[in-house]
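Just so we're clear, the structure is a prediction, and the values are computed from it rather than from any experiment.
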Amino acid sequence: MVFQHVPVYMGCAIFNTIDEKTTKSDVRGNHVVALMGHFSSMFNGLARSFSMKIRRKNEKCGGREAAEAMAKEAKRNDMMLCSSGIVHVDGSNNFASVFSKRGQKGVNQDCCIVWEEFGCQEDMIFCGVFDGHGPWGHFVAKRVRESMPSSLLCNWQETLAQTSVDSGIDVEEEKRQLYRFNVWKHSYLKTCAAIDQELEQYRKIDSFYSGTTALSIVKQGELIVVANVGDSRAVLATTSDDGSLVAVQLTVDFKPNLPQEAERIIECQGRVFCLEDEPGVHRVWLPDAESPGLAMSRAFGDYCIKGHGLISVPEVTHRNISTRDQFVVLATDGVWDVISNKEAVEIVSSTADKAKAAKRLVESAVRAWKRKRRGIAVDDISAICLFFHSSL
């Protein structure tokens, strides 16, 4: 793959891929060969040109610091949103509506992020929702939100830089998209493993009995990559042959009673069962204690039960966006506990002002909680609505 260094834009050094149709990866079957080692001169150049103030102790540190500096620059230039609001950069087809509402259980442990022109790439956007739990859950969620985009960007650049490419051989579009996806999948797996390890060692936050889920997407051109750790959900709205909108669930809610999840937990001597006053709500328990009672089977943190089946490995999938695909909704389980995929798509699509789409969905979920779950405290509820056609 050939990269072209172009002038600094918005404080960021941009690397544009050129001659993409002639790329060839080291894809073997359905995976990219794991590529480790130091950063290439390409990403070192990115780190140097982005900020002369960055003093790297080594190449890896420099790459991470460069990505973190990009994040700070994105915030300054209103390309990153970490609270309720909208993101719409001039010239972009993307339009994101974000809203989060505290429930009735105390501090809001949900948080969100949208980063337009992710990594200073004009065709990329990163979105994520994080649902904390436990005494320190809100701190854990914010910590993961803060570290995931920069770490992912760093690993993505490293993988791109070290993947062998032969620019003299034509590659079909399908194989090129598979190559892109495998680069992102490898980067996500590496990122999530590192985040969970770093979180355990981060002494300012007690994550032993606290954790967070993490659902994020990267949209690169027409490719959308979804990575899910936990029980938040991504739902796509696409147009059917008769012109109606159809809801397509893009992720799996990783609940402890799913056969493959329960099998792993039980093999690790963890237990899965429901409390008498919560029929149908399966939770994960330690082998010999009535704790922690997690309602999901994958999460960051929660080290008290990490050795008994809970994992932080994401499920990473992809989809090539077509002209029929209209928007995607990312939301915490507070939405999906009371609203169906179809209802969510109908609520968002029927909102005249798309800037208010996420807020309307969240408020609809709050009303549904009070109607369907009387006597049960309303959960924290957060949603991101990412529209693919800004003219909608």
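- Rounded to the nearest 0.5 Å, atoms CH2 (Trp115) and CG (Leu152) are 9.5 Å apart.
- To the nearest 0.5 Å, the span separating SG on Cys127 from CD on Glu116 amounts to 8.5 Å.
- A salt bridge is absent between Asp380 and Arg102: the closest approach of a Lys/Arg side-chain nitrogen to an acidic carboxylate oxygen does not fall below 4.0 angstrom.
- When side chains are defined from C-beta on, Leu245 counts as touching Thr239, because their heavy atoms get closer than 4.5 Å.
- Qualifying salt bridge (charged side-chain N to carboxylate O under 4.0 Å, His left out) partners for Arg324, counting only residues two or more places apart in sequence or in other chains: Asp241.
- Distance alone, capped at 3.5 Å, places no donor-acceptor pair between the Gln121 side chain and the Asp123 backbone.
- In the hydrophobic clustering of ILVMFWY residues, with side-chain heavy atoms under 4.5 Å counting as a link, Val362 and Ile376 come out together.
- For the pair Val225 and Ile217, the minimum side-chain heavy-atom distance is 4.5 Å or more.
- Grouped with Val272 in one hydrophobic cluster are Ile265, Val284, Leu286, Leu294, Met296, Ile305, Leu310, the linkage being side-chain heavy-atom contacts under 4.5 Å among Ile, Leu, Val, Met, Phe, Trp and Tyr residues.
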Review point. So Met70 and Cys120, side-chain contact (heavy atoms from CB on, under 4.5 Å) or not? Walk me through it.
Key: CA-CA 8 Å; Met70 284 184 187; Cys120 297; 4.3 Å; yes
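- Interatomic distance, CG of Leu361 versus OG1 of Thr351, reported as 8.0 Å (0.5 Å rounding).
- At a threshold of 4.0 Å, the pair Glu73-Arg76 counts as salt-bridged, since one of the basic side-chain nitrogens sits closer than that to a carboxylate oxygen.
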Check your understanding: Checking side-chain contact (heavy atoms from CB on, under 4.5 Å) for the pair Val226/Leu215: CA distance, chi angles, key distance, verdict?
Key -> CA-CA 8 Å; Val226 186; Leu215 168 62; 3.9 Å; yes
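- Applying the ring-ring contact (aromatic ring centres under 6.0 Å, His included) test to His318 and every residue at least two apart in sequence or in another chain returns Phe181.
- Without hydrogens or angle criteria, Asp196 side chain to Cys192 main chain gives no donor-acceptor distance under 3.5 Å.
- Residue Val313 belongs to a hydrophobic cluster whose other members are Leu189, Ile311, with links defined by side-chain heavy atoms closer than 4.5 Å.
- Partners of Trp136 according to the ring-ring contact (aromatic ring centres under 6.0 Å, His included) rule, which considers only residues two or more places apart in sequence or in another chain, are Phe139.
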Exercise for review: Kindly indicate, with the supporting measurements, whether the criterion salt bridge (Lys or Arg N to Asp or Glu O under 4.0 Å) is fulfilled by Glu146 and Lys142.
Suggested key: CA-CA 6 Å; Glu146 178 183 336; Lys142 289 179 179 178; over 6 Å; no
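- Remark: side-chain polar atoms of Lys219 are paired, donor with acceptor, to backbone N or O of Gly221 under 3.5 angstrom.
- Every residue two or more places apart in sequence or in another chain was checked for a ring-ring contact (aromatic ring centres under 6.0 Å, His included) with Tyr209, and none qualifies.
- A distance-only check finds a donor-acceptor pair linking the side chain of Glu343 to the backbone of Ser340 [under 3.5 Å].
- Note on residues 228-276: pairs passing ring-ring contact (aromatic ring centres under 6.0 Å, His included), not counting sequence neighbours, are Phe273-Trp285.
- Side chains of Phe388 and Ile224 form a contact here, defined as non-hydrogen atoms less than 4.5 Å apart.
- Remark: the backbone N or O of Val378 is paired with a side-chain donor or acceptor of Gln104 at under 3.5 angstrom.
- Residue pairs that meet the side chain to side chain donor-acceptor pair (under 3.5 Å) test with at least one member in residues 221-232, sequence neighbours left out, are Asp231-Lys255.
- With no hydrogens or angles considered, a side-chain donor-acceptor pair links Ser244 and Ser240 at under 3.5 Å.
- The two residues Asp110 and Ser100 make their nearest non-hydrogen contact at CB-OG, 4.0 Å.
- Although no hydrogens or angles enter the test, the distance criterion places no donor-acceptor pair under 3.5 Å between the side chain of Trp156 and the main chain of Trp184.
- Although no hydrogens or angles enter the test, the distance criterion places no donor-acceptor pair under 3.5 Å between the side chain of Ser92 and the main chain of Val89.
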Taking distance alone, no hydrogens or angles, what donor-acceptor pairs closer than 3.5 Å link side-chain atoms of residues 365-374 to residues at least two apart or in another chain?
residue: Arg367; atom: NH2; partner: Ser364; partner atom: OG; Å: 3.3
residue: Trp369; atom: NE1; partner: Gly334; partner atom: O; Å: 2.8
residue: Lys372; atom: NZ; partner: Val338; partner atom: O; Å: 2.7

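- Between the side chain of Asp302 and the main chain of Cys304, no donor-acceptor pair closer than 3.5 Å is present.
- Annotation: Lys306, atom NZ; neighbour count of heavy atoms from other residues, nucleotides and ligands within 6.0 Å is above 12.
- For the pair Asn94 and Leu386, the minimum side-chain heavy-atom distance is below 4.5 Å.
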Practice item. Kindly determine whether Asn108 and His138 satisfy side-chain contact (heavy atoms from CB on, under 4.5 Å), including the steps that lead there. Key: CA-CA 7 Å; Asn108 189 352; His138 51 301; over 6 Å; no
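- Within the 4.5 Å cutoff, the side chain of Ser382 has no heavy atoms near those of the Lys101 side chain.
- With rounding to the nearest 0.5 Å, the separation of SG in Cys111 from CD in Gln109 is 10.0 Å.
- Between Phe327 and Phe387, the ring-plane angle classifies as tilted under the 30° and 60° cut-offs.
- No continuous path of ILVMFWY side-chain contacts below 4.5 Å connects Leu250 to Val252, so the two sit in separate hydrophobic clusters.
- Side-chain atoms of Lys354 come within 3.5 Å of backbone N or O of Ser349 as a donor-acceptor pair.
- For Arg319, the salt bridge (charged side-chain N to carboxylate O under 4.0 Å, His left out) partners at least two apart in sequence or on another chain are Asp325.
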Practice item. List the steps and the verdict of side-chain contact (heavy atoms from CB on, under 4.5 Å) for Asn341 and Arg233. Key: CA-CA 9 Å; Asn341 297 344; Arg233 186 186 302 173; 2.7 Å; yes
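- Here Met79 contributes atom CE and Glu117 contributes atom CD; the two are 4.0 Å apart, rounded to the nearest 0.5 Å.
- Residues that satisfy the salt bridge (charged side-chain N to carboxylate O under 4.0 Å, His left out) test with Arg298, not counting sequence neighbours, are Glu261.
- No salt bridge links Glu346 with Arg360; every basic N to acidic carboxylate O contact stays at or beyond 4.0 Å.
- Put simply, OH on Tyr202 and CZ on Arg143 are 4.0 Å apart, with the number rounded to the nearest 0.5 Å.
- Listed by chain and residue number, nothing satisfies the salt bridge (charged side-chain N to carboxylate O under 4.0 Å, His left out) test with Asp131 (two or more places apart in sequence, or in another chain).
- Val107 and Val140 are members of different hydrophobic clusters when ILVMFWY side chains are connected at heavy-atom separations under 4.5 Å.
- Between Glu158 and Lys190 a salt bridge is recorded (basic side-chain N to carboxylate O distance below 4.0 Å).
- Residues Leu258 and Val281 are members of separate hydrophobic clusters, defined by side-chain heavy-atom contacts under 4.5 angstrom among Ile, Leu, Val, Met, Phe, Trp and Tyr.
- When side chains are defined from C-beta on, Lys105 counts as touching Asp379, because their heavy atoms get closer than 4.5 Å.
- Using a 4.5 Å cut-off on side-chain heavy atoms (C-beta onward), Asn93 and His389 make no contact.
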Practice item. Go through Thr191 and Asn155 one step at a time and tell me if the side chain to side chain donor-acceptor pair (under 3.5 Å) criterion holds. Key: CA-CA 7 Å; Thr191 295; Asn155 287 321; 2.8 Å; yes
